[in-house]
Amino acid sequence: MASNSMEDLVALCKRRGFIFQSDEIYGGQKGLYSFGPMGVELKNNLKQAWWKAMVWQRDDVEGLDASLLTSPNVLKYSGHEDTFTDPLSDCKDCKSRWREDQLTDGICPNCGSKNLTEARPFNLMFKTSIGPVDDGSSYAYLRPETAQQIFTNFKNVLDSTNRAVPFGIAQMGKSFRNEITPGKFIFRVREFEQMELEFFCKPDTDEEWFKYWVQSRIDWWLEQGIKKENIEVFEAPEDDLSHYSKATTDLLYKFPHGFEELEGIANRQDFDLGSHSKNQSEFNIKAKVMENKDSTTKLAVQDLDTKEWYIPFCIEPSAGVERGVFALLNEAYNEEEVEGKTRVVLSLKPHLSPIKAAVIPLKRNNEDLVNHAKDLKNKLQMLGMGRVILENSGNIGKSYRRHDEVGTPICITVDFETLENQTVTVRDRDTMEQKRLGPEELINYYGQYFE
Ligand code: ATP
């Protein structure tokens, strides 16, 4: 039966090279993780699946990869300098620090003391100096979300493509937040990746697009292998909305520590383009924006029927890559009894598997077997489904175990019969069934995993 405690997952991630604590040899850094050989493949596959669905398979979205260091003006007018804060409270006795929502009845969860400071706003953005002189006169922020540079590049994308509203701009990449209490493995970290789409539409069509994106994002997570019963849809109450939002729906996933946010879909209205825009008073901006005297550009479009200029509304589905990886690992992890032994198997969807196939020569020192396996590996690699590996350990049982644990959909064994008639033994990860296949059958069989 499935057993997915946090400990099991963390142990698997370390044992098989998915995720390591950063700077572990110096004691580790809280809230920072590194993706190992298997983790980087899984993460890239997840991001690629998102990019395919959000950009390639659509005719109304363009991509962007903007800088991470962000000018203070961008984060001033976006509202982040003033409002991107969590209320922070210190325990005067044990010196631990807490987000206010972690305290029940004003008691320190660490030592039980009631001797806590008043909660004060703590800005979550990382600040760094720019240029050779570190005198505080020139600084930038590490972006706390990928979204803002999508808004500041809105006009560049519009003018360099033939897009018209409705259309979207997609971006994936790092974001940084100085979380007060990082934890729960990679659920809450200080450096993470987001996959964000800003979808621009006419003001009176926002609610329709909002509904469309909520459903579309649920469908996508189901396609990645998340079970329906493990997703909950949570509509944020009005008094809990961010300063820019008219409505927010969170997709919660059943992590080992409980249902928590995997992705948020927000109706950002005309807040961001409105607040970054020059000559704001020319437009009928609905959201409450700060007066802007610094912007050089109008972030508006023309209605082709009425010829009126307006600021588009924006719907934002925003997903975290780390939380996605965590959810997929949790979903795929299984322990089962096979011939009196426990088998750990990661039943990832093949398009997400770090390794698509392992080619294993029966004997590690036999040159003919190894050369044949190398050729086969190269042939399969050329098909472009992802990483294929030559597993030259000389121990079939161990190789199967390793590849079950990292989620490789098929193992292919090259033996002495292969040298005579080109047939190989293939083994399926989930059913453990083995078959003997000729060269053409093998290519077809392999391809079927990725249809
Ligand atoms: P939370 O309430 O859990 O702090 P949030 O509502 O602040 O999250 P958003 O600003 O909506 O998060 O960011 C969009 C997505 O980015 C989230 O759904 C999540 O997947 C991811 N994300 C946000 N903060 C973190 C973090 N500290 N570590 C990992 N992923 C994060």
Side-chain angles (χ1 to χ4, degrees), residues 19 21-22 29-35 39 43 46-47 50 54 75 78-80 83-88 98-102 121-126 141-148 150-151 170-198 210 213-214 217-218 220-221 224 226 231-237 239-255 257-268 271-272 314-330:
I19 298 161
Q21 172 92 57
S22 284
Q29 282 268 24
K30 221 169 174 235
L32 296 177
Y33 286 90
S34 301
F35 283 78
K43 187 181 181 192
L46 178 66
K47 285 164 63 184
W50 186 87
M54 301 300 260
L75 294 156
S78 69
H80 283 82
T83 62
F84 199 61
T85 57
D86 272 348
L88 167 80
W98 303 96
R99 272 197 335 261
E100 201 181 21
D101 63 317
Q102 295 176 308
F122 171 76
N123 197 298
L124 301 181
M125 290 198 292
F126 285 100
Y141 293 107
L142 289 172
R143 65 183 184 195
E145 60 179 26
T146 73
Q148 286 310 317
I150 295 184
F151 301 122
Q171 179 167 222
M172 324 184 276
K174 292 265 179 174
S175 290
F176 303 84
R177 296 183 187 179
N178 196 4
E179 297 280 358
I180 298 168
T181 43
K184 299 169 193 156
F185 194 33
I186 53 170
F187 177 82
R188 188 174 300 286
V189 283
R190 291 185 166 130
E191 177 183 330
F192 55 97
E193 289 197 65
Q194 290 181 309
M195 306 182 283
E196 295 195 304
L197 171 73
E198 306 304 322
F210 183 76
W213 279 112
V214 170
R217 297 304 304 148
I218 295 172
W220 184 81
W221 281 111
Q224 306 317 307
I226 304 265
I231 290 192
E232 260 179 24
V233 178
F234 172 77
E235 285 168 25
D239 58 358
D240 211 19
L241 293 175
S242 307
H243 59 283
Y244 51 75
S245 179
K246 173 174 157 185
T248 297
T249 293
D250 290 338
L251 306 184
L252 312 183
Y253 172 72
K254 194 179 178 190
F255 287 99
H257 57 276
F259 272 102
E260 284 213 63
E261 180 177 333
L262 170 65
E263 168 157 1
I265 298 106
N267 182 343
R268 294 183 81 124
F271 177 84
D272 301 274
C314 177
I315 309 299
E316 174 195 72
S318 170
V321 176
E322 278 71 7
R323 290 187 192 178
V325 166
F326 191 3
L328 291 166
L329 285 170
N330 183 50

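Note that ligands are numbered from 1 as they come in the structure, with each ligand's atoms numbered from 1 the same way. None of these values were measured; they are calculated from a predicted model. Numbers here simply count residues along the sequence, with the first being 1.
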[X] side chain to [Y] main-chain N or O, any donor-acceptor pair under 3.5 Å?
X	Y	answer
Gln194	Thr146	yes
Ser245	Leu241	no
Glu198	Ile150	no

Subject >> Distance (rounded to the nearest 0.5 Å) between Ile218 CD1 and Trp213 CH2 >> reply: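 Separation between the atoms: 13.0 Å.
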Subject >> Closest to atom 14 (C) of ligand 1 among Ala236, Ser318, Ser245 (heavy-atom distance) >> reply: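 Residue with the shortest heavy-atom distance to the ligand atom: Ser318.
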Minimum-distance protein heavy atom relative to [atom]:
atom	answer
atom 30 (N) of ligand 1	Arg323 NE, 3.4 Å
atom 4 (O) of ligand 1	Arg188 NH1, 2.8 Å
atom 28 (N) of ligand 1	Val189 N, 3.0 Å
atom 6 (O) of ligand 1	Glu261 OE1, 3.2 Å
atom 7 (O) of ligand 1	Arg177 NH1, 3.1 Å
atom 21 (C) of ligand 1	Gly320 CA, 3.7 Å
atom 16 (O) of ligand 1	Gln194 NE2, 3.2 Å
atom 22 (N) of ligand 1	Phe192 CE1, 3.5 Å

**OP:** Determine, using heavy atoms of Glu179 and all atoms of ligand 1, whether some pair is separated by less than 4.0 Å.
**Re:**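 So Glu179 counts as touching ligand 1.
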**OP:** Return yes when Glu322 approaches ligand 1 closer than 4.0 angstrom through a heavy atom, no otherwise.
**Re:**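 Under 4.0 Å: no for Glu322.
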Subject >> Structural part of Asp250 in contact with ligand 1, heavy atom criterion under 4.0 angstrom >> reply: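 For Asp250, there is no contact with ligand 1 at all, from either part.
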Original post:
Does a sphere of radius 6.0 Å around NZ in Lys254 hold more than 12 heavy atoms from other residues, nucleotides or ligands, not counting ones at 6.0 Å or beyond?
Top reply: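 No, NZ of Lys254 has 12 or fewer neighbouring heavy atoms, counting only those of other groups under 6.0 Å.
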Original post:
So, do Phe326 and Tyr253 have ring centers that fall under 6.0 Å from each other?
Top reply: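 Between Tyr253 and Phe326, which both carry aromatic rings, the centre distance is not below 6.0 Å.
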Run the numbers for me: atoms of ligand 1, each under 4.0 Å from some heavy atom of [X], listed by number.
X	answer
Gly264	18 (O)
Phe187	28 (N), 29 (C), 30 (N)
Leu262	18 (O), 20 (O)
Glu263	18 (O)

Original post:
Side-chain contact, heavy-atom cut-off 4.5 Å: Asn178 with Phe122?
Top reply: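 Yes, their side chains come closer than 4.5 Å.
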Original post:
Which residues satisfy the ring pair (Phe, Tyr, Trp, His ring centres under 6.0 Å) test with Phe187, sequence neighbours excluded?
Top reply: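 If we apply the ring pair (Phe, Tyr, Trp, His ring centres under 6.0 Å) test to Phe187, skipping adjacent residues, the hits are Phe255, His257.
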**OP:** Evaluate the criterion side-chain hydrogen bond (donor to acceptor under 3.5 Å, both in side chains) for residue pair Gln102 and Thr181; output intermediate values, then yes/no.
**Re:** CA-CA 9 Å; Gln102 295 176 308; Thr181 43; 3.0 Å; yes
Original post:
Between Arg143 and Glu196, does at least one N-O distance fall below 4.0 Å, as a salt bridge requires?
Top reply: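 No salt bridge links Arg143 with Glu196.
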